[in-house]
Protein chains: 2
Amino acid sequence: MSSLKSKILEVATDLFQTRGINSTGVDTIVAVAGTTKMTLYKYFTSKENLILEVLDKGHQDFQSWLSDQVNSGAKKPSDKLQKLFEFIEEWVTSPNFRGMGFIKASAEFPNEESPVHQLSSEQSRQFRQYISSLASEANVQDADGLALQLSLLFEGAVQAEQMKRGSGAMKYAKKAAKILIDGALVS
Amino acid sequence: MSSLKSKILEVATDLFQTRGINSTGVDTIVAVAGTTKMTLYKYFTSKENLILEVLDKGHQDFQSWLSDQVNSGAKKPSDKLQKLFEFIEEWVTSPNFRGMGFIKASAEFPNEESPVHQLSSEQSRQFRQYISSLASEANVQDADGLALQLSLLFEGAVQAEQMKRGSGAMKYAKKAAKILIDGALVS
DNA sequence: TAATCTATATACAGACCTGTATATATAATG
DNA sequence: CATTATATATACAGGTCTGTATATAGATTA
């Protein structure tokens, strides 16, 4: 990938998160990235296309990072589930955390026919699906139910953290997750 | 309050939720409300002022409805806490549910200096504070911690429900809340 | 050196936005 | 009937936005 294209993606990711997607114009993006609109529209067919690529890259980065951590940090399926939120807390509190794109995007694009909304919705579903697969391997009865509950905690905490950095919400989400996982494992 | 003013507030509440705040122009609002911009700007000094009043009214409606339900539906403090999520589920699944304004608003106005963001943040804090007071009355040790966990579940579920109506997320949030509350009460 | 490819600089069209100015109609009140 | 308050109709100024058109600079390759 061209270095200019990745630079634009990086800058857009940052600006979308800190200023909002609709409130960030392409002029601002190219100015910060140190290039021009002509170049941006060479690599991206439209602003919507740029938004979709930003979302896509953010989600891929997160998912591959997370599954790597889980696979290398725990062997037993139940341990993987237990440690999930510790890795997520690392991600959230790391300096290069820029929020979960799909949470913000779904709020700014509420229309269900919008491609941006649809991608956000799909990413949220994929994340739940990943948790559910971990729960299934750990022999949790209602794996989908637990996955939904854990994802609610996760998304709520990310939102709280986005609203006020250093809120410590993820710490309490982690405690709650442990209680829910323990309960689901014994039953 | 003038009937035209309340009509504008009602329409704006609906459009902000279904189309997004920044994506809804005042021209659209007055067209749907059946009036003109001149009238809107007589009752509201600016669009930002309209947004703030919409948020304010939405939160007041929710909080007064919720505390009425809690007070009339349960006497023992621990029962109030237990039944909280049942009332919230009623609210969320009721036909006139239009989402929680402050969740969307904080996503669309991420700048912490924005008055809209500040009001959203304050409303989120007030809601947590309300849950914490119920937990305190029920003699929960870490009332603030439990309140934060419950609010994470709540906000996550509302977001999921906004993302896809009829997702049933609140049903699972309720189950998770019961587990967390039970654990906090016995310890 | 000449040709080609990539990025820049700049301007602009067309659309949408907020907020206001001006003039008119309609209803209530003296 | 006359006056006054309220709402409408309409136009527009000034700004921002996306996306494109045109012309130019710089670097790489033949």
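Keep in mind the model is a prediction, meaning the values are calculated, not measured. Letters go in sequence order (proteins before strands), and every chain restarts at 1.
The side chain of B:Thr35 places an N or O atom within less than 4.0 Å of a non-bridging phosphate oxygen (OP1 or OP2) of D:dT8. The phosphate of D:dT8 has OP1 or OP2 within less than 4.0 Å of a side-chain N or O from B:Thr39.
To the nearest 0.5 Å, atoms CG (A:Leu134) and CG (A:Leu66) are separated by 8.0 Å.
Backbone-only contact: B:Lys42 has heavy atoms under 4.0 Å from sugar-phosphate atoms and none from a base. Residue contacts shown for A:Tyr43 are limited to sugar-phosphate atoms, with no base heavy atom under 4.0 Å away.
Between the side chains of A:Tyr43 and A:Ser2, at least one donor N or O lies within less than 3.5 Å of an accepting N or O. For the 3.5 Å distance criterion, the side chains of A:Gln126 and A:Glu122 qualify, holding a donor opposite an acceptor. The closest side-chain donor-acceptor pair between B:Asp182 and B:Gln82 falls under 3.5 angstrom.
Between the axis at the start and the axis at the end of the helix from C:dT1-D:dA30 to C:dG30-D:dC1 there is an angle of 10°, using five pairs per end and rounding to 10 degrees.
Distances from the side chain of B:Met38 to the nucleotides C:dA7, D:dT20, D:dT10 place D:dT10 closest. Looking at the side chain of A:Ser46, the nearest of the listed nucleotides C:dA9, D:dA9, D:dG19 is D:dG19. With D:dA11, C:dT8, D:dT8 as the candidates, the nucleotide lying closest to the side chain of B:Lys37 is D:dA11.
Rounded to a whole Å, the OH atom of A:Tyr41 is 16 Å from the P atom of C:dT8. The nearest whole Å value for the distance from the CD atom in B:Glu108 to the P atom in C:dC17 is 14 Å. Distance A:Ile51 CD1 to D:dC17 P: 14 Å, rounded to the nearest Å. Atoms CZ (A:Phe44) and P (D:dG19) sit 13 Å apart, rounded to a whole Å. Atom P of nucleotide C:dT20 and atom CG of B:Asp27 are separated by 14 Å, given to the nearest angstrom. Protein atom CG of B:Leu40 is 10 Å distant from nucleotide atom P of C:dT18, rounded to whole Å. Between the P atom of D:dT16 and the CG atom of B:Asn22 lies a distance of 15 Å, rounded to the nearest Å. A:Lys5 places its NZ atom 12 Å from the P atom of C:dA7, with the value rounded to the nearest Å.
The base of D:dG19 does not come close enough to the side chain of A:Lys47 for any donor and acceptor atom to sit less than 3.5 Å apart.
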Sequence neighbours left out, cut at 3.5 Å: what donor-acceptor pairs do the side chains of residues 105-112 of chain A make with other protein atoms?
| from | atom 1 | to | atom 2 | distance (Å) |
| --- | --- | --- | --- | --- |
| A:Ser106 | OG | A:Phe102 | O | 3.2 |
| A:Ser106 | OG | A:Ile103 | O | 3.1 |
| A:Glu108 | OE1 | A:Asn22 | N | 3.0 |
| A:Glu108 | OE1 | A:Asn22 | ND2 | 3.3 |
| A:Glu108 | OE2 | A:Ile21 | N | 2.7 |
| A:Asn111 | OD1 | A:Glu113 | N | 3.0 |

With a cut-off of 3.5 Å and sequence neighbours excluded, list every side-chain donor-acceptor pair involving residues 148-156 of chain B.
| from | atom 1 | to | atom 2 | distance (Å) |
| --- | --- | --- | --- | --- |
| B:Gln149 | NE2 | A:Tyr172 | O | 2.9 |
| B:Ser151 | OG | B:Ala147 | O | 3.3 |
| B:Ser151 | OG | B:Leu148 | O | 2.8 |
| B:Glu155 | OE2 | B:Ser124 | OG | 3.3 |

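A salt bridge is absent between B:Lys75 and B:Asp79: the closest approach of a Lys/Arg side-chain nitrogen to an acidic carboxylate oxygen does not fall below 4.0 angstrom.
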